[in-house]
Enquirer: 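Got a structure here, written out as structure tokens. Questions coming.
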There are 2 protein chains.
Amino acid sequence: MGASEGVRLPQPDLARVDVGTVLHALADPVRRAIVRILTQVGEAPCGALDLPVARSTVTHHLRTLRESGVIETELRGNSRVSKVRRQELDERFPGLLAAILDAEPATADDQASTDDPADTDDPADTDDPADTDDPAGTDRSADTDGPADTDDPADTEEAGR
Amino acid sequence: MGASEGVRLPQPDLARVDVGTVLHALADPVRRAIVRILTQVGEAPCGALDLPVARSTVTHHLRTLRESGVIETELRGNSRVSKVRRQELDERFPGLLAAILDAEPATADDQASTDDPADTDDPADTDDPADTDDPAGTDRSADTDGPADTDDPADTEEAGR
DNA sequence: CCACTAGTTCGATGTGTATCGTCAGATTCG
DNA sequence: CGAATCTGACGATACACATCGAACTAGTGG
């Protein structure tokens, strides 16, 4: 018992957590991957999370997830084992986590590759994440072109009426 | 017919929209308020949205919502009427929008005040939004103390084993 | 035509954030 | 004990983003 229970790191009371906080935490693809992995394996230490970013970045994301109330972490020796506060989240925001997890079906071994293709699918015409991945300068010019095209068809339509 | 149907602004195909895009769009409190209002009244032009930000900021948010696939907007004279792509969202991400809207019950007239108290409730101990509102320096020292306190009880716990 | 309204774009600003590498502290193991 | 491992704090960097006010565009009505 003592061996399986360690000290839990500070975490917010979910009753006090704003839904925007959770949404923001889960808007990041790496953090979503983390949550998916933890949901599938139950719990895992930092080192067991196979993600395409630096270890320090994983640590940063884990902290963000913990501070937003999505996961809980406990000390076990020199490891910090995290797990999703699934029950609490489901009580506080019924259906939210399920909807998000269902939106991106994935296999345990394909986490890293799953995130990459998801980003590839984003490049919809007016999709912001695609803009994020591209150089800012290029994106702005793209955004400028977008509305311009909008105005053109509008003019054409009204002419038709 | 023609009077009720205007030209629709470009919007992404929701089948191609990543859930992270939607999550990010709805992580912002102003944008959430917009979606709530639109959900309640059905549709509304920019000017009918009573929000505690500048008109240009509302425009910016509407654009973000539209480009992320959450709303659709059509030109009607010199107005741009927006509405939530509720059905499509429910098909693409079943339960997501409902969960988010349910997380923040509100009345149509209390949008602005509803957002403010939500921010007030956020100041949980390790809540990021609270950290954002407070001076960064103060928050870091608090965070530094947090883990330190965690380590102390950890030592105590292991001593007990 | 002009005046007015509705809404958007633009530029600037300040803040926030994801990422990385480095280093230090804590724990485990031989 | 020292070496190895695990993890997180720190500092730096580049980019993203919410916000505002001013200027501009498009549509409406007299």
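Here is how names work: the chains are called A, B, and so on, in the same order as the sequence lines, proteins then strands, and each is numbered from 1. Remember, it's a predicted structure, so these values are computed and weren't measured experimentally.
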Enquirer: Return no unless some side-chain N or O of B:His24 is found under 4.0 Å from OP1 or OP2 of D:dC17.
Expert: yes

Enquirer: Which part of the nucleic acid, if any, lies within contact of B:Ser56, taking any heavy atom under 4.0 Å across all strands shown: a base, the sugar-phosphate backbone alone, or nothing?
Expert: base

Enquirer: OP1, OP2 of D:dT7 versus side-chain N and O of A:Arg55: anything below 4.0 Å?
Expert: no

Enquirer: Distance check needed: D:dA18 P versus B:Arg63 CZ, whole Å only.
Expert: 13 Å

Enquirer: Below 4.5 Å, heavy atoms only, C-beta onward: do B:Thr57 and B:Val30 meet side chain to side chain?
Expert: no

Enquirer: Pick out which of A:Gln87, A:Arg92, A:Arg86 makes a side-chain hydrogen bond (donor to acceptor under 3.5 Å, both in side chains) with A:Asp90.
Expert: A:Arg86

Enquirer: With the side chain of B:Ala54 defined as its heavy atoms from C-beta on, choose the nearest nucleotide among D:dT19, D:dC20, C:dT9.
Expert: D:dC20

Enquirer: Check side-chain hydrogen bond (donor to acceptor under 3.5 Å, both in side chains) between B:Asn78 and all other residues, then give those that pass, not counting sequence neighbours.
Expert: none

Enquirer: Phosphate oxygens OP1/OP2 of C:dT19: is one of them under 4.0 Å from a side-chain N or O of A:Thr57?
Expert: no

Enquirer: Looking at the side chain of A:Arg80, which of D:dA18, D:dT7, C:dT28 is the nearest nucleotide?
Expert: D:dT7

Enquirer: If you assign each of A:Asp28 and B:Thr73 to its closest nucleotide in DNA chain C, which residue comes earlier from the 5' end?
Expert: B:Thr73

Enquirer: If I take atom CG in residue B:Leu75 and atom P in nucleotide D:dT25, what distance separates them, rounded to the nearest angstrom?
Expert: 17 Å

Enquirer: Answer yes or no: does a side-chain N or O of A:Arg31 lie under 4.0 Å from OP1 or OP2 of C:dA18?
Expert: yes

Enquirer: Which nucleotide in the list D:dT19, C:dG7, C:dT19 gets nearest to the side chain of A:Val53?
Expert: C:dT19

Enquirer: Among the candidates D:dG8, C:dA18, D:dT19, find the nucleotide nearest to the side-chain atoms of A:Thr59.
Expert: D:dG8

Enquirer: Between C:dT22 atom C1' and A:His60 atom NE2, what is the distance in whole Å?
Expert: 17 Å

Enquirer: Rounded to the nearest angstrom, tell me the gap between atom CG in A:Leu62 and atom C1' in D:dA9.
Expert: 14 Å

Enquirer: Can you see if the side chain of B:Ser79 gets near the phosphate of C:dT5 - specifically, an N or O under 4.0 Å from OP1 or OP2?
Expert: no

Enquirer: Over how many whole Å does the gap from B:Asn78 atom CG to C:dA6 atom P extend?
Expert: 7 Å

Enquirer: Which of the following nucleotides, C:dA18, C:dA6, C:dT8, is nearest to the side chain of B:Cys46?
Expert: C:dT8

Enquirer: Taking atom P of D:dC17 as reference, at what distance in whole Å does atom CG of B:Leu23 sit?
Expert: 14 Å

Enquirer: Tell me the closest heavy-atom pair linking A:Ser68 and A:Pro12, and the distance in Å.
Expert: C-CG, 4.1 Å

Enquirer: Write down the distance between CZ (B:Arg76) and C1' (C:dT5), rounded to a whole number of angstrom.
Expert: 18 Å

Enquirer: Strictly below 4.0 Å, N to O, side chains only: are B:Glu67 and B:Arg63 in salt-bridge contact?
Expert: yes

Enquirer: Just how far, in rounded Å, is C1' of D:dG8 from CD1 of A:Ile71?
Expert: 13 Å

